[in-house]
Amino acid sequence: MSYNIRKRLKNVVVESDEEEKDFEESASDYSPSESESASSSSELENSSSESDNSSHVESSKKLPTKFRQDEDHTYIIKSDDYFSNCTKKKAVTSNNKFTDVDTSRLEQGKLQDLLSSYNVTVKHNKQLKQVAVENRDQFSKWLYILKEGFNVLLYGLGSKIKILNEFREKCLGNLPVLVVDGFFPNLSIKDIVTGIVNDILELSDNPTNVYEACDVIINKMSSRRNLCFYMIVHNIEGEPLKNQQTQTLLSKLAAVPNIHIVASIDHISAPLIWVNTQLSKFNFVWYNVTSFLPYLRETSFEESSIVQQPKALVLSSLNNVFMSLTSKTKDIYLIMVKYQLEHGKAKHYKGFAFKKLYGVCKEGFLVSTDLALRSQLTEFVDHEMVKIKRSNDGVEYLVIPIDNNVLQQFVDKHSKE
Amino acid sequence: MNSVQEELQATYPCRKKQIEELYNLFGYGEEPLVDAVYVYGSSSTGKTSIIKSLLRGLNLKFALVNLVECYTSKILFESILNQLSDHKIDVIKAQPYARCDNMMDFVANLRKCGETVDLSRAVIVLDKAERLRDMDSNLLPAFLRLTELADLSISVVFVSEIVFDNYCYKNEIVTPIKIHFSQYTKEEIIEILCLNFDTAREAIESSYGAELSITEEFYRNYLSVFLSVFHRACRDVSELKYMAKQSFVKYCEPVAKKDCELSDSLALWKHIAPVLKSSLGLLYMRISPTHQENSSTLSITAKDSQVQSLELPYYGKHLLIAAYLASYNPAKEDKRLYMKYHGKKARTKSDIRAKSKTAEQLFTQLGPKQFGFDRLIAIFYAILEEKVDLNSHLLVQISTLVELRLLAIVSDNSELDNRKYRCCVGLEYIEAVARNVGINIKKYLVDFN
Amino acid sequence: MDTNLTISKGIFVYKTKNIADYKRKDGTDNVFADQLWYQSFKSVWTKVEQKIEILNDEMFTGLLKNLVDSVKSSFNEKVTEVPTKTLLTGINMPDHVALFSTLCKEIKKSVTPHIAVLHTEHCSTLKNLVESAVDQFVNKVHSYESDGDELKSKIRKTYCTFAFLQAWYESLHGSTNSKRKTRSVAQPLVIIIPDFENFNEKSLQDFILIISSYLNVLPIILIFGIATSVNAIHRSLPFHVSSKINIQVFNTQPSHLYLNRIIESVLLTEDCPFHIGGKVFQCFTDIFLYYDLSVQRFIKNFKYAMLEHYSAHSIMALCTFSHKVNRVVEQLSDDDLAAVKSLQSVRDHIEGSDNFEETLIQGVQHFYSYLSMFHLYLKCLHSLVHSLPNCPLGKQVRELYSTATSGEITQSEGYIEAFKLLGFHSKQELTEKVSGMCLILEDHDGDEIQDVLAQLQEHLVKLEDATTEVAEEPKLGGELMLSEKMNRLQLKQKLRELTRAPKQLSNYDKARAALIQYLQDVFDKYLRHPSSVPFYELFFFNNLSIRQVLLGSHRSAIHTALNNPSYYFHCDCCKLTDDGRISASMPDISILYKLHLEYGKLINLYDWLQAFVTIVDPYIDSGEEDAENRPVSPEVHARFIQGVADLEFLGFIKSYKRKTHVVRLTWGG
């Protein structure tokens, strides 16, 4: 069998290079090659008896002993595809507009409704159920492994929220668990650490510095060996968690023997967030739990290109809040909006630096002290009109999380007054 | 000229003018002190040491603060007050003399301190004063007028390496009296280095025994030889002092071994010239040998210390090589270099011109360019002999290479998509790595192809 | 089912009782703690762990001796720069934790108790750096040790400045008079930075400047752990800073030497009954050499292999120390015994007997002796072949082990080649090697071993006496009669005859051949492949699918799922003969993925939608109406949008500034 594949590969490669076409049928260039098992085929025959000792010994335990895949599927990239493609200068696409179609933009709520009425798995219901059962069989194994100082990482196509919830309900029923939704955009490591300190460990001492708080947790858990708690992190590579600081802290927590982490990743380049030291501290064991379930919940937060919050709602809510502000506050906000409209199109637009805003406001006599401006900003943040981000060099940047078109309309309306 | 001045002149030759100026400002007890003095000059020209010695010699109360230490202005204020009031920090409670959060508190506390301690002729010395630019903007103007603010006769001396005009200030401020410590000339440096003659003689005696007796004349000759090589590269006196000391022992070696006479300067020069030239590469690096190594030789040359073998894992090496190729080859050439059947390319005029590129235009001589993650992976697979699947550990390797500063991330670190990198290693290093894994890197470099 | 559908929080806590109510056994022990096999596993693993720790201590203490001595003597003479020791640690950063904790311990033991360890987290700004360093000195908190000395009264971090440090140090050790020529500093302050490359350069530079300004009052020594090379220092520190420190460079051993020691002393000995088979061992070594050079990773992989092995079946409880076997056999149930009987190796080599338990015990003990002989002779073979040119069998014991457990080593090419080469050795070389082998054997008792030893020594004696002279014997028609006129053909024939005549062997040659033959016999006997010994499945783990679990190929899993979903479904409707085809029965996301492969960098959403509709909901009735103008059913539209959102979430596409297109992020199939 492997010979045929290789033969086909050769033909295909020659074909595609001769024609130098675009990506037509480029899917055929790739075929999974069973590299390791094919090359050592002779040894495979000899030692086939020992390769799967579990098949001879009947398993009387609940632990799954058979591994699902016998072949190693591998993803080997054909560099030639890349190089032949990079000479293409311009991407030629048709000009058909997606907006031509009537129901071009679907709002989030409507989408959910439509999808719930359509049973996504109707085509392969039976097989998906079988896949789900196979995945569930591994729960006891995960429990076993977690106790021995390893942490579990789940990967594979499809939303893993369901299986992680099942795991929590079935196996971690009466144990303390902290569930972290990595896809939730307003999360921060501070929330996680606070959650642990306050809710799980119920300590009174909660230092503001995350590193100190983390040290407190580690000291407590190391000194009390009879305690343990679990963390279930959905999408550990999620938007708010993928920075170095968070991963360092999470890995420090994971290295403690009584803290157990079960995490999942989805993004294809997720492992780029880790460095060797962190990966080693995490001590992950990788399990494939492909489920083919759609990412309903994970994508309900993201600013997807075609699923978005209805514009009208945003503008009206913004107007309402704006009307309730004092005139000075209004001016401050308008300054920020104008700045964002002007500079927001830049590639790495970080935001409006706080110090700059302070300078401008002071010159315009809108605020007198640093503290006053900060309290105004807190008000804005509460109404979700402004987001404060701290960059790597410790500078605070202010970003308005609203579409530029909406902001433009807003400015047009209010600067006439 | 009284004793203080004479002493200073002796310890610090070639600074006659500056010592005189400073003495005029501070030495006369009856006159009130000036508000502010700005002392500037290149590094290692003796500014801080002269001022310290002068003030000690004149028995004036002074507080010396190095502004590098003051990451918050609080530390600056509290340190000054501690020193002026002779406050001893209690080890248990760790309280300073007074807590000062800002200039206002500082001035108030200074006045309070002035009531108990005699601050009528006190001096505050602010070393590395250029750091004031990065601190709060009101510090510089305030310190320049401290006498006025605190109503005490305190003088503030700023010691800095930059010219006063480089301090950006919005409003008008008082200009201090400026004293410039110019850089030493070659002869002056020889003068200064000659002061170390005794230590040098001791060093020779300890290495070669007491038979070798050197004179000051000999030492002076050595210094002029030494400076002829080093003066172009370095004017920093302390650095030159160190290097001179290191090389002197080697210089005397042929005399000690009786190969030549003390007065045979040509032979000595021949012997010492290569050593001095290679030591130029070690300037500003103080690497001393450990116990195992032979301590009498300058064994570590510049090249050795840089190209040290680094054990990278197998795929790590290939990733690094791929990164180097991506950084130093233009993207257009990739197709020709890595694809097996890339078709023929017509020779154009630009090709012919390209062949005659001068060394400065070679890609490997211009700095590294940035490349995208996809390109890195494509080249990696192209140069890898036995393909491996793109598993997570390879990706983690890339991030680890970034952490080791062998690659640098150019794009926004928080984005997972489309990251851009740049390679940070040089050609000799990559050649060594490539040879290790059996790849001929010149085959893949446009400059050599 | 989904209980967390609120959109305001990202963190959820589930807890049934207060933390104080958790008693000892609540969930801290393993779920299988009461199982026999788990107990065996625990005892074996604990032993392995202990041995590794002891070995680490020994090794690191030896390595660090030079460094510690130089730290002690740093202030013996007057210094003008900050003494800095750089330890070139190598890039296997996870292994350094143990190294640095040993370093701290050693320094505390013999030089000074004042140690501060600064990690990257502490150094984002100069303020944090200084405060953290001073805090560690003054409040005596050591990060590498878990036993924190109780603090009497903690000094607040805002008061932790260098001035305070100076006062504190002087109160402890008296003020140091810098005018004295030589002074013996009682206890210098040591600052260790384990990961230098990661450190914020700017704050480090300022920190060094501050330290050098306090040089005459505070004896501070810096220790840097550098992963790459000394170049890293020169790159991060500008001239005016690097002229203030005096560097001494120390090396640690390369990580593969460390790995070899661990393997030889702990893992491949008869002390550890659990063994990993050749393929898995090769896989682990590959992970080490190709990916991260980290010994910690190797040990963890080994532990995981143990976990897999022991949990496969309850009879794996038999894989334990020899003194515990009897007790384990007593506790086995009938099912277990039946399972043991059905093992392949048992079926092949052991006939049925009445008292299977006794056979079992005997068999297991026999296996232990096989193992100890195996390892012993492996070491002997290694001593013979490791210095051969071209190393046909490899230079390390672990390579030999890998070959020996993957197939019959005595049949392998490398072995044959090695013995051929041995056959060409001179007397002295051969004697040396065989004496080395005898030395190894001498340390062990046992009749068989003594026999072998005796035989070897006999052979050695014979070798000594044998001469290399060839006995002169008249050759039959061997001399060339040059005077005779021969034509070419006859000359050729004569030469052929001469070469065919057997070469006269000297005594030495004979003795050597006899010795080589004896050695081969010995190795044949003892280095058999484990599968030829009964009960080996209890002790050897050779399941290569462990590789998938340890090296996550998550991208290929996604890729396979998208390209070829029948791999997971095992269904016929999606089975593809050719990967390029798209079948309507595939899941939406697969269809969308395959469609998007056909586009270039930018994908027009409308076109994509139409293609999707064509596959999923084809207009069967090819009547009058133009298929393209048919309105898209909202259901299909919703599916399309969700699929696109999913692909965006996975990182295959990205939204573009023109809302009508999306950007494709990956290339290739």
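Per chain, numbering begins at 1; letters A, B, ... match sequence-line order. Everything numeric in this text was worked out from a predicted model, so none of it was measured.
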For the candidates [options], which exhibits the highest count of non-hydrogen atom pairs separated by less than 4.5 Å from chain B?
| options | answer |
| --- | --- |
| L172(C), T158(C), D206(C) | D206(C) |
| A167(C), S255(C), G552(C) | G552(C) |
| L67(C), L209(C), L665(C) | L665(C) |

Counting heavy-atom pairs closer than 4.5 Å to chain C, which one of N66(B), L312(B), L416(B), I75(B) comes out on top? L312(B)
Side chain of [X], backbone of [Y]: donor and acceptor closer than 3.5 Å?
| X | Y | value |
| --- | --- | --- |
| S242(C) | Y284(B) | yes |
| Q205(C) | S236(C) | yes |
| K387(B) | Y381(B) | yes |
| Q83(B) | L64(B) | yes |

Chain B contact via [X] - side chain, backbone, both or neither, heavy atoms under 4.5 Å:
| X | answer |
| --- | --- |
| L551(C) | both |
| F199(C) | backbone |
| L129(C) | neither |
| L289(C) | backbone |
| F207(C) | neither |

Straight-line distance of F288(C) CZ to F298(C) CZ, nearest 0.5 Å: 8.5 Å
List the residues meeting side-chain hydrogen bond (donor to acceptor under 3.5 Å, both in side chains) with D417(B), not counting sequence neighbours, and say none if there are none. H267(A)
Would you please indicate if the ring centroids of F164(C) and Y159(C) are separated by under 6.0 Å? no
